[in-house]
Amino acid sequence: MCGIIGISSNKPVSANIINSLKKLEYRGYDSAGIATLSDGQINEVKSEGRVDNLENNFDLKNLRGNIGIGHVRWATHGIPNSLNAHPHSSHNVSVVHNGIIENSTILKKHLINKGHEFKSQTDTEVIVHLITENLKTSELEEAITKTLEQLDGSFALGIVFRDIPDLIVGARRGSPLAVGYGPNENYLGSDSYALKSMTNKITYLDDGEFCVVKKDQVLFFNEDGKKINKKILEMSSNETNYDKGDFKHFMAKEIEEQPITIKTGIKEYIDNVNKEINIFNFPWKIEEIKSITLIGCGTAYHSCLMAKYWFEELTNLDVSIDIASEFRYRKNRFKKDTLYVFVSQSGETADTYAALDLCNKNSMKTCAIVNVIESSIARDSNFVLPIHCGPEIGVASTKAFLGQILVLYILALKLGSLRNEIEKKEYQEKIKDLKDLPGLIEKTLSYDNDIQAISSTFNEAKGSMFLGRGYSYPIALEGALKLKELSYVHAEGYPAGEMKHGPLALIEEGMPVVVLAPKDSYYKKTISNLQEVVARGAKVLLITNKSKDEVVSENIWETIEVENTNDDLFPFLLTIPLQKLAYYSALKKGYDIDKPRNLAKSVTVE
Ligand code: AGP
């Protein structure tokens, strides 16, 4: 949830740290700070808000020092202000932290009793004073090992020391942390994205490990303080275009990229010549898998819910789904013949990683469906199915959602075929239909104007509902989430058939209600539900598909017709107008679309 950068160099580091912090802002943007070492002192500057504020408030060009750490924050303990911004420093130690220290209250009391004075409301400041205290009686590595043992909770740390001005210490437990290697300098960063502009040589720390980063040497240690060797990975050098290009926002770019990203995903897994799906090196025999459990958070959870319908339909397997933050504490009955699938764009979501870790501890079969292949969830799963969408920077997930459900659909088709649950002819038909999907998405993207015009109604309403049945229900949830997280208005996704069991009471004159009703097997039932809300004054936006039959037209406020395809694929097309609806609602409100308030792109704390 926060972003960390550290650089140990033979030249001044403040400019590079600031540039890296800007790349890390998608991980949190409540406040930012930097600390460098020079002339026997810690130079700490920090401010509330964006990294730009830091640059506006301080003369960073004259911030001396060839070694330093930086941080962008998403607040967990303590309100977002300059006092609670990281780094936190004592007279001789400065720390940046991502994670939550669960025993900070008791440690703080202990340290205050020893005379330490605290300035902030953060849990992080406890780490600063604990290290300062331990350095009084121990050499560096021992002081670090001792400090880490005393901390409960999760952390990725970057630490510099006034009296040892040639190194940075990094430590990882539960929050990602990587080392990068450069010419006459080395780096510490929360993820490869922050480091990619400086190097493509990366080493990831694993939980319990710490490292000592000098400009010309990096050492790694395990939790016992013993030196260990770690692999240096060469990251894919296909530097994906990280800037917005001609788009106003990353989200707008990422919505428009979807025909390409879906085409890439199809190319990665579909052999169109032989009408076959290639999932290479699948580590299990199909008969070893008797059920599937899909786990994720937020949009990724909606992908799991979407996949549940496809897996049930195409594989005849038992399928369960769970929200990761629930799964990790549930009394789970782990089964050897269940395949546990973890869906995560970032591959770093703490709750999803904790659910994976639980399955690993029970020696379960685990598969990750991620966008970031170097991520923790990918690295610690038995098998990885990348979604190949390129970096998704907008906090609100768009192309990654479509990428996730594409890979899940492809996996369901493949397993269904291997289990002989799908006739070969039908299997090949479905593969053929997939080939047309990018073009259909392209066409659906073009309904821009209609959506811009209706988006203000959603802004002016005190709330809205998104309804769907069957395959459309997960998309209704996703559409509501997009509107909530971008325009900060209440929106609720609901099964259309459930409205009469209570939420119908919410419907009042003029309330906007989105009804997703492609002409699939649920259509007629959904139209009846549509009439129920119309009868109570709702303003219905009907999203259906083009067809010769007359569309239900009386008393419908607006209708959007997506392109025709087979029923399996309507969810891809229905999603597009909902992404745009949320985008234009937020645009009209003038909100920060790529960095909505209170959110971050990767929730690496629980
Ligand atoms: C989606 O728009 C949100 N930003 C959020 O719900 C996100 O999907 C969730 O935090 C999971 O993230 P992940 O896919 O990186 O695990």
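One-based numbering, in listed order, for ligands and for the atoms of each. All of these numbers come straight from a predicted model, not from anything done at the bench. Sequential numbering from 1 along the given sequence is applied to the chain's residues.
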Residue list, side chain to side chain donor-acceptor pair (under 3.5 Å) with Asp568, at least two apart or on another chain:
Tyr409, Lys430
How close does the nearest protein non-hydrogen atom get to atom 10 (O) of ligand 1, and which residue and atom is it?
Val603 CG2, 3.9 Å
Decide, yes or no, whether a salt bridge links Asp318 with Lys335 under the criterion of side-chain N to carboxylate O below 4.0 Å.
no
For Gly298, take its heavy atoms, then give the atoms of ligand 1 lying under 4.0 Å from any of them.
6 (O)
May I ask you to decide whether Lys580 forms a salt bridge with Glu256, counting only side-chain N to carboxylate O separations under 4.0 Å?
yes
Heavy-atom proximity to atom 14 (O) of ligand 1, picking from Gln345, Glu348, Glu392, Gln404, points to Gln345
Do any pairs count as a ring pair (Phe, Tyr, Trp, His ring centres under 6.0 Å) and have a residue in residues 348-376, sequence neighbours left out, and if so which ones?
none
I'd like to know whether ligand 1 has Ala396 as a neighbour, heavy-atom separation below 4.0 Å.
yes
Considering the heavy atoms of Lys482, write down every atom of ligand 1 situated less than 4.0 Å from one of them.
1 (C), 2 (O)
To check your reading of the model: name the closest protein heavy atom to atom 7 (C) of ligand 1, its residue, and the distance in Å.
Thr299 N, 4.1 Å
Top protein contact for atom 4 (N) of ligand 1, by heavy-atom distance
Val395 O, 2.7 Å
Atom 13 (P) of ligand 1: nearest protein contact (heavy atom, Å)
Thr349 OG1, 3.2 Å
among protein heavy atoms, the one nearest atom 3 (C) of ligand 1 is Glu485 OE1, 3.4 Å
Distance flag, aromatic centroids of Phe570 and Tyr471, threshold under 6.0 Å:
no
Which class fits the ring pair His97 and Phe155: parallel under 30°, tilted 30 to 60°, perpendicular over 60°?
tilted
Using only atom types and a distance under 3.5 Å, with no angle test, would you say the side chain of Asp30 pairs donor to acceptor with the backbone of Asn81?
no
Of all protein heavy atoms, the one nearest atom 9 (C) of ligand 1 is Cys297 O, 3.6 Å
heavy-atom search around atom 15 (O) of ligand 1 in the protein gives Ser346 OG, 2.6 Å
Find all atoms of ligand 1 within a distance of less than 4.0 Å from any non-hydrogen atom belonging to Ser397, and give their numbers and elements.
1 (C), 2 (O)
Please determine whether the number of non-hydrogen atoms from other residues, nucleotides or ligands lying under 6.0 Å from atom CD of Gln452 exceeds 12.
yes
